[in-house]
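Below you'll find the structure, written out as structure tokens, and then a few comments.
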Amino acid sequence: MSSPKTKRTFLGFDFSTQQVKAMVIDDALKVVYETHIKFDTDLPEFRTHGGVHVTEDNVTVTAPTIMWVKTLDMLLEKMKKDGVDFSTVAALSGSGQQHGSVYWKTGARRVLSTLQPNHTLAEQLKDCFSIPDSPVWMDSSTTEQCRQLEKALGGPQALADLTGAKAFERYTGNQIAKIYQTNRGGYDNTERISLVSSFGACLFLGDYAPIDSSDGSGMNLMNIRTRVWDPDCLKICGGETLEKKLGQIVPSLTNVGPISSYFVDRYGFSPDCRVIVFTGDNPASLAGMTLTQGAIGVTLGTSDCVFLWLVEPKPNTQGVIFSNPVQTSDYMALLCFKNGSLTREGIRDKCADGSWEKFDQLLELTPKGNNGNIGMYFDVQEITPSISGVHRFTADNQKVSSFSDAIEVRAVLEGQFLSRRTHAENLGFALGPSSKILATGGASVNKSFLQVIADVFASPVYTLDVANSTCLGAAYMAKHGWLGGDKVVSFDEVVKGALDYVLAAEPDTSVTEMYNTMADRYRRLEQQIAKEQGADY
Ligand SMILES: O=C(CO)[C@@H](O)[C@H](O)CF
């Protein structure tokens, strides 16, 4: 809670899949307040599960747009009751679950710009959405539209070269295409299409806020190099009117204007409070981790995610490349691996009686490099690449059906982290003397994992116990944008010293050459499996 002595604060919001979070930081970037409102439990009238509605076909996934609006009403009331002094907020920004989309009905802009402070946002905006149920990132009902877009643009790799990713069902252009094709009435009655991020900015701006270049990268509509809409993609997905409905993209960190008077009158914000363009949750998370060039962010959770800062990206059909949210001339990449902690825990239960202590003891029984044995453990259909099954290879690349417990334990760790490394390198990340790994997530407390990561990546591993990196990143970006963005001051400069990363593991340089060779072998073996299973690689 900000106190009278606090001179200046910055506010970050995160419109995520299951909740809306808010975080207040002081001028020294220290968190002084945070809170959240969860959709399922705090707004039961919408009957969501995990913040969404999934249709029987398990393919179509949406969320009620007005639920997000009402949640913001509740969040701000809670913050007010908790004593947050909104008058100290110099700037605010935010993030949103990526790829989701909001459809503002024709005429909504007038309502948005004349909000009355004695009524809630939800009361006033309840009839402003032409498509009341927003498609979200978990939706996978647009495969037909994905194939149409890739066919028209020359195939998955050509589309990745142009937009930073092959056509993914969750990507907004394909979601818009489905509405354009199947609900033309609703589409034609839409005057603005927002992402979840820019929708959040619209509410605070009291006007249509632009999409930023980083979250705009998650749509299969933006030219990843020029950061402007690609006319061919627009036409295929939404015809001649889509560009007008989207508005123009702006660089991340853009100061898009003063806060709407609605928030000044109702909550006591300063009329000088600036709205900094919102961005996607993963770009904001990169900022919240204070990831910098040469670093790799690794979040070890149910799914493992790898965040990369790239200067020269090599788009492919595995990862996704976004415009960098804090250095707008650079790029970032995201790799998601579905087989993360549950796979590691499965081997622990099978080989070490469910004990991490015994797991670590078994790990010590085999040399680094596992005498050339390699394992790949895709208990569920993997995302990167899209293959499944368990595959074990001996040093001479012979497939075997089992390993001893000790070999298996090392093989699951080396296999997973060789996979993270090879896919990072495929996207253009170059490991070098200044590389470092920033590890977060539940499994980052396991020291033996971190040592394998340090050895496989030949880089020091730092850990950070940062909860809500997405919301924290949005608050950091509020200050960075308020200072003028990356054209005025670098992100490094803005966040210097903000977080205390702890050095957790240093690489054993005696095995660097061995893992370099092993990485090349892993890549070839995984490509072989992908080919056998007819998967992109
Ligand atoms: O689809 C994703 C990234 O491409 C997810 O991480 C969503 O952003 C989660 F909200």
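In what follows, residues are counted from 1 in the order of the sequence shown. Start at 1 and go down the list; that is how both ligands and their atoms are numbered.
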Please tabulate protein-ligand N/O pairs under 3.5 Å for ligand 1, atom names and distances to 0.1 Å.
| residue | atom | partner | partner atom | Å |
| --- | --- | --- | --- | --- |
| ligand 1 | 1 (O) | His99 | NE2 | 3.2 |
| ligand 1 | 1 (O) | Arg170 | NE | 2.9 |
| ligand 1 | 4 (O) | His99 | NE2 | 2.7 |
| ligand 1 | 4 (O) | Arg170 | NE | 3.2 |
| ligand 1 | 4 (O) | Arg170 | NH2 | 3.2 |
| ligand 1 | 6 (O) | Asn282 | ND2 | 2.9 |
| ligand 1 | 8 (O) | Gln98 | N | 3.2 |
| ligand 1 | 8 (O) | Asp281 | OD1 | 2.8 |
| ligand 1 | 8 (O) | Asp281 | OD2 | 3.3 |
| ligand 1 | 8 (O) | Asn282 | ND2 | 3.1 |

Original post:
Charged N to carboxylate O below 4.0 Å: is that the case for Asp139 and Arg170?
Top reply: no

Residues Lys70, Glu45: salt bridge by 4.0 Å N-O rule:
yes

So the ring pair (Phe, Tyr, Trp, His ring centres under 6.0 Å) pairs with at least one residue in residues 284-313 (sequence neighbours excluded) are none

Problem set entry | Ring centres under 6.0 angstrom apart (Phe129, Tyr103) | no

Aromatic ring proximity Tyr476/Phe10, centre distance under 6.0 Å:
no

Original post:
Do the numbers put Arg225 on top of the ring of Tyr331, so that NZ or CZ is under 6.0 Å from the six-membered ring centre and no more than 45° off the axis?
Top reply: yes

